[in-house]
Amino acid sequence: MTPRIEIFPETVLIGMSLTMSFAENKTVQLWQSFMPRRSEIKNARGVELFSVDVYNDSNFYQKFSPVKQFEKWAAVAVSINKRVPDGMKSLLIPKGEYAVFHYKGKPSEAQPTFQYIFGKWLPESKYQMADRPFMAIMNEKYLGEHPDSEEEFWVPIIPKS
């Protein structure tokens with residue numbers, strides 16, 4: 001599994017977030033809260049949904065602990081950050097380089113892919129994880145827990161020093 005390397009442009013997202021850990025995963029709860037309200041975001045750009053993890057530091061996976069907390073977002077990109085619906089927030093994703101991994105399969109079965117990315121590909125690559133958000137981007141090919149579901153994992157990277 002070889003990623004493509006891309007520059008992600010500075011992007012403003014609007015959505016909802018929760019603090020969680022992998023041991024106390026609240027992703028389903030977050031998306032169940034966000035999706036019924038998604039249409040309230042009037043300046044949405046594109047059809048993509050963004051699942052964004054904001055970690056405290058770029059060593060999150062190197063010093064991995066399933067109880068370490070992070071902020072998880074369910075969001076959409078917007079053209080202009082002019083009106084944020086009540087109960088939602090905006091998040092600025094800075095421009096930066098990402099390794100993009102295509103994933104096809106049930107989201108609940110993605111753990112081996114993450115183990116490969118963070119346990120093998122990243123340590124053996126010429127990159128290290130950057131201190132920017134990790135993103136899963138889902139478009140019309142995302143089918144939830146269907147085996148043909150597709151999404152992309154965007155891992156923030158910088159060259160190893």
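Treat the numbers as computed from the prediction; the structure is a model and nothing was measured. Here, residue 1 is the first one in the sequence, and each next residue gets the next number.
- Side chains of S17 and E71: a donor-acceptor N/O pair is present below 3.5 angstrom, by distance only.
- Side-chain contact check for V100 versus F8: every heavy-atom pair is 4.5 Å or farther apart.
- Annotation: the span from F134 atom CZ to K72 atom NZ amounts to 7.0 Å, rounded to 0.5 Å.
- Shown here for P159 and E97, the closest heavy-atom pair between the two residues is CD-OE1, 4.5 Å.
- The two atoms that bring F153 and A110 nearest to each other are CZ-CB, 4.2 Å, heavy atoms only.
- For the atom pair CH2 of W73 and CG of L91, the computed distance is 5.0 Å after rounding to the nearest 0.5 Å.
- Note that CG of D148 and CD of E150 are 7.5 Å apart. Values are rounded to the nearest 0.5 Å.
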Verdict with supporting geometry, V155 and W121, side chain to side chain contact (heavy atoms under 4.5 Å, CB included)
CA-CA 11 Å; V155 179; W121 182 83; 5.5 Å; no
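- Counted within 6.0 Å of CD on E145, heavy atoms from surrounding residues, nucleotides or ligands total more than 12; the atom is thus considered enclosed.
- Criterion: ILVMFWY side-chain heavy atoms under 4.5 Å apart, direct or through other members. Under it, V47 and V78 are not part of a common hydrophobic cluster.
- Under a 3.5 Å cut-off, the side chain of Y116 and the backbone N or O of M1 do form a donor-acceptor pair.
- Between P9 and K95, every side-chain heavy-atom pair lies at or beyond the 4.5 Å cut-off.
- Of all non-hydrogen atoms in A75 and W31, the two that sit nearest each other are N-CH2, 4.0 Å.
- Residues L18 and F34 fail the side-chain proximity criterion, which asks for heavy atoms closer than 4.5 Å.
- When side chains are defined from C-beta on, F70 does not count as touching P133, because their heavy atoms never get closer than 4.5 Å.
- Side-chain contact between I137 and L49: absent, with no pair of heavy atoms (C-beta onward) separated by less than 4.5 Å.
- For K89, the NZ atom sits in a packed shell: over 12 heavy atoms of surrounding residues, nucleotides or ligands are nearer than 6.0 Å.
- Atoms NZ and NZ, from K160 and K126 in turn, are 11.0 Å apart once rounded to the nearest 0.5 Å.
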Apply side chain to side chain contact (heavy atoms under 4.5 Å, CB included) to F118 and M129, showing your working.
CA-CA 9 Å; F118 296 107; M129 194 156 171; 3.7 Å; yes
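- Annotation: the span from L13 atom CG to M88 atom CE amounts to 12.5 Å, rounded to 0.5 Å.
- No side-chain heavy atom of D131 sits less than 4.5 Å from a side-chain heavy atom of I158.
- For the pair P123 and G119, the tightest heavy-atom approach, listed with the atom from each and the gap, is CG-O, 3.5 Å.
- For the side-chain hydrogen bond (donor to acceptor under 3.5 Å, both in side chains) with E40, the lone residue among R38, R37, K42 that qualifies is R37.
- Taken together through direct or relayed side-chain contacts under 4.5 Å among Ile, Leu, Val, Met, Phe, Trp and Tyr, L92 and V76 form part of one hydrophobic cluster.
- Heavy atoms from other residues, nucleotides or ligands lying under 6.0 Å from NZ of K120 number 12 at most.
- Note that CE of M135 is 7.5 Å distant from OG1 of T11, once rounded to the nearest 0.5 Å.
- The same ILVMFWY cluster, assembled from side-chain heavy atoms under 4.5 Å apart, contains both M35 and L30.
- I14 approaches R83 most closely through the heavy-atom pair CD1-O, 3.7 Å.
- At a threshold of 4.5 Å between non-hydrogen side-chain atoms, the residues E152 and R4 count as touching.
- Smallest separation of non-hydrogen atoms from G105 and Y103: O-CE2, 3.4 Å.
- In this structure, the side chains of R132 and I93 stay at 4.5 Å or more apart for every pair of heavy atoms.
- Between the side chain of S149 and the backbone N or O of L143, at least one donor-acceptor pair lies under 3.5 Å.
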